[in-house]
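What follows is a short report on a single structure.
Just so you know, these numbers come straight off a predicted model, no measurement behind them.
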Amino acid sequence: MRGFEGGYNLRDVRVNGASATPRINDTMMRLDLASPLVPRGGKATITIRYSFKVPEHGSDRMGRDSTLYEIAQWFPRMAVYDDVRGWNTDPYLGQGEFYLEYGDVDYAVTVPAGYIVAGSGVLQNPEDVLTSEQRRRLATASRSSDVVQIITQAEAAAAKAQLKSGTRTWRFRARNVHDVAWAGAPDFRWDATSWNGILAQAYYEFPKAGKAWEHAAEQTQWTIRQYSELFFPYPWPQATSVAGPVGGMEYPMFVMVHYGNDDQASIFGTINHEHGHEWFPMIVGSNERRYAWMDEGINTYINAFATEARYPGQSAYPLYRKNWGDAVANGTQSPLMTAPDNIDPTALGAIGYRKPALVLLTLRNQVVGPSFFDAAFREYIRNWAFKHPTPGDFFRSVENSTGEDLSWFWRSFFYTTDVLDIGIDSVSTRTSEGQTFARISLHRFTSVPFPVRLRVAYADGTTQDFSFPVNIWARSNRFDAVIPVRGNVVGVRLWPDPSVPDWNPSNDTWGKAPTAKAIGPVTR
């Protein structure tokens with residue numbers, strides 16, 4: 001990544017005190033034990049001495065910018081052994097690295113005495129590394145919804161100019177997580193606030209990070225509250241955002257975000273997206289290494305709700321649809337079930353992020369309905385918190401909750417690259433025994449079925465809507481909708497709600513079709 005070559009230099013590997021010879025295969029290491037672990041509570045102590053180079057200016061998941069360090073994916077972690085595939089031995093290739101096992105992590109970071117360290121988990125020895133004033137301010141922030149400056153700009157600038165001899169060790173503990181990360185700098189500004197007992201923090205160098213970062217603690221707090229109230233309560237005691245060279249990257253209780261400018265909106269989207277990952281995959285431990293949509297796609301889905309809440313009137317639909325549409329037009333699409341390493345790099349944003357988000361919005365708003373899907377989505381999180389769901393687990397969870405067979409939807413939008421294209425072939429009317437009927441001949445041009453909604457326009461300027469279930473397509477790609485109408489039909493429109501992702505609008509109207517409504521909020 002960016003010309004940097006590196007990796008662990010192993011010096012000593014031991015199991016239960018005895019020297020062990022590891023078997024290295026790419027980014028995976030296998031250790032054979034002298035005897036099997038005892039089931040249900042057996043323990044083994046593995047010690048590894050190792051070192052690695054920190055890349056300048058960021059390379060993939062860690063980096064250094066002058067005296068600022070952002071360190072992630074920095075220690076060996078256990079692979080997952082699950083009841084689906086056994087040991088998960090997929091090597092790390094730069095995308096989808098979060099399939100890890102949950103546990104408690106205690107770690108210590110020894111740095112030059114003038115450094116401030118931010119990290120996953122809770123600081124265990126504040127009396128050793130913070131001044132009494134900093135501890136007092138932190139205690140105030142932990143009880144306040146207002147932003148408190150733990151380290152002011154003047155104090156940060158003075159700290160960098162005043163060299164201190166020796167080192168200090170910062171000790172952190174993180175419970176029920178599958179990874180930890182940290183950052184350190186001598187001139188961090190440090191802001192904090194809280195919500196519902198959760199400390200929200202921002203660390204940044206000023207003016208390098210931009211004035212936007214003076215709003216980062218509030219944005220972090222807002223994000224944690226938003227997703228907690230919408231989907232599932234945030235389960236950890238703190239959430240931290242750090243400005244640095246790595247850009248957008250997420251770990252339990254800790255995210256790295258790019259530098260901003262004077263506009264606070266320049267960082268909000270990334271802070272919101274990265275902290276959205278605290279729910280997927282930090283709480284719901286899906287395998288992004290194989291299924292990007294279960295991580296990035298679902299996170300992009302929940303981001304749509306936060307964006308609209310933060311900026312009323314904005315809609316996620318146009319961006320999501322354009323991004324997916326570009327991949328369709330360029331021929332770079334692949335099924336959502338494709339492993340991220342096999343997705344065309346130019347289409348990763350579309351296939352890993354925006355298409356699955358738009359597909360889920362479509363399922364919510366156009367198929368099962370917002371109230372039913374919202375309940376199903378929350379139940380999925382509850383059922384699979386701190387576990388490892390597969391795509392099938394997600395599909396079954398939604399179907400069990402909504403009471404609907406959605407196999408047609410999963411097959412169409414997750415296992416193929418086909419797109420929705422239903423059109424109007426013709427419209428005719430007849431009168432029988434005083435009742436006028438319209439025959440609207442519909443044609444499905446692709447393999448993708450979908451429930452149909454029609455808006456009929458009458459000569460007197462009024463309109464009327466009609467709906468048909470998805471099973472009208474069970475036996476044929478053509479369907480004649482015969483409907484009673486209340487006057488002379490002058491026009492028909494498919495999808496009066498234009499957020500339905502039909503990719504060929506040219507055949508969606510007949511006659512003087514009524515206008516489609518504007519694309520509204522996803523949260524309706």
Side-chain angles (χ1 to χ4, degrees), residues 61 72 80 82 88 95-102 120 174 176-181 198 220 223-236 239 241 248-257 269-307 309 316 320 336-337 339-340 343 348-349 351-361 363-364 373-398 401 414 522:
R61 308 308 193 194
V80 172
D82 64 28
N88 284 267
Q95 176 67 33
E97 71 285 6
F98 289 123
Y99 197 45
L100 300 168
E101 200 49 87
Y102 291 95
S120 299
N176 209 14
V177 298
H178 52 44
D179 204 355
V180 294
I198 300 164
T220 301
T223 295
I224 297 302
R225 175 177 60 83
Q226 189 75 12
Y227 292 139
S228 292
E229 293 176 344
L230 281 177
F231 303 116
F232 185 84
Y234 185 79
W236 295 295
S241 303
M249 196 57 214
E250 69 282 358
Y251 297 90
M253 294 178 265
F254 181 94
V255 304
M256 305 173 187
V257 179
T270 306
I271 285 178
N272 184 260
H273 177 82
E274 303 310 335
H275 278 295
H277 278 300
E278 300 297 345
W279 281 260
F280 305 93
M282 308 309 170
I283 295 174
V284 180
S286 54
N287 186 354
E288 186 195 1
R289 180 63 181 76
R290 285 180 170 255
Y291 309 108
W293 71 264
M294 294 189 75
D295 176 327
E296 296 292 358
I298 293 181
N299 187 31
T300 304
Y301 165 79
I302 69 174
N303 294 161
F305 294 81
T307 299
Y320 292 2
L336 293 186
M337 300 297 285
I343 296 174
L348 182 60
I351 305 307
Y353 293 67
R354 280 78 185 228
K355 176 182 176 179
L358 185 57
V359 163
L360 292 177
L361 289 171
L363 178 61
R364 175 187 188 264
F373 186 78
D374 291 349
F377 190 69
R378 295 185 188 107
E379 184 173 350
Y380 168 67
I381 302 174
R382 287 195 303 271
N383 289 343
W384 290 98
F386 306 107
K387 300 175 185 177
H388 297 303
T390 66
D393 294 317
F394 176 79
F395 300 155
R396 283 187 292 271
S397 182
V398 173
S401 182
F414 287 81
V522 301

If you compare all heavy atoms of [X] against all heavy atoms of [Y], which two are closest, and at what distance to 0.1 Å?
X    : Y    : value
H178 : P281 : NE2-O, 3.2 Å
E101 : V80  : N-CG2, 3.6 Å
L336 : K355 : CD2-CD, 3.6 Å
R61  : Y251 : CB-OH, 3.5 Å
Y380 : I298 : CE2-CD1, 4.5 Å

Working to the nearest 0.5 angstrom, can you tell me the gap between [X] [atom1] and [Y] [atom2]?
X    : Y    : atom1 : atom2 : value
F254 : H275 : CZ    : NE2   : 9.5 Å
T300 : L358 : OG1   : CG    : 11.5 Å
I198 : Y234 : CD1   : OH    : 7.0 Å
L100 : E288 : CG    : CD    : 10.5 Å
I381 : F280 : CD1   : CZ    : 3.5 Å
F231 : R378 : CZ    : CZ    : 7.5 Å

Taking the side chain as every heavy atom from C-beta outward, state whether [X] and [Y] have any atom pair closer than 4.5 Å.
X    : Y    : value
L230 : W279 : no
P235 : N176 : no
V180 : P252 : no
V255 : I271 : no

Test of understanding: with salt bridge (Lys or Arg N to Asp or Glu O under 4.0 Å), list the residues that count as partners of [X], not counting sequence neighbours.
X    : result
D295 : none
E229 : R225
R382 : none

(message) I'd like to know if the side chain of Y353 and the backbone of A292 have a donor-acceptor N/O pair within less than 3.5 Å.
(response) no
(message) Taking A181's backbone N and O only, do any of them form a donor-acceptor pair with S120's side chain (distance below 3.5 Å, no angle check)?
(response) yes
Just jot down the side-chain hydrogen bond (donor to acceptor under 3.5 Å, both in side chains) partners of [X], sequence neighbours excluded, or say none.
X    : value
T307 : none
H273 : H277, E296, N299, N303
D82  : N88, Y99
S228 : none

side-chain contact (heavy atoms from CB on, under 4.5 Å) against [X], all qualifying residues, sequence neighbours excluded:
X    : result
P391 : Y291, W293, M294, M337, F395
T270 : V257, H258, E274
A306 : W222, Q226, Y227, N272

(request) Could you walk me through whether M282 and M253 pass side-chain contact (heavy atoms from CB on, under 4.5 Å), step by step? (result) CA-CA 9 Å; M282 308 309 170; M253 294 178 265; over 6 Å; no
(request) Could you tell me which residues satisfy ring-ring contact (aromatic ring centres under 6.0 Å, His included) with Y320, sequence neighbours excluded, listed by chain and number? (result) none
(request) Start with the C-alpha distance between L361 and F305, add both sets of side-chain angles, then the distance that settles side-chain contact (heavy atoms from CB on, under 4.5 Å), and finish with yes or no. (result) CA-CA 10 Å; L361 289 171; F305 294 81; 4.0 Å; yes
(request) May I ask you to check whether F386 and F232 place their ring centers less than 6.0 Å from one another? (result) no
(request) Give the intermediate values and the outcome of side-chain contact (heavy atoms from CB on, under 4.5 Å) for residues Y301 and R364. (result) CA-CA 11 Å; Y301 165 79; R364 175 187 188 264; 3.3 Å; yes
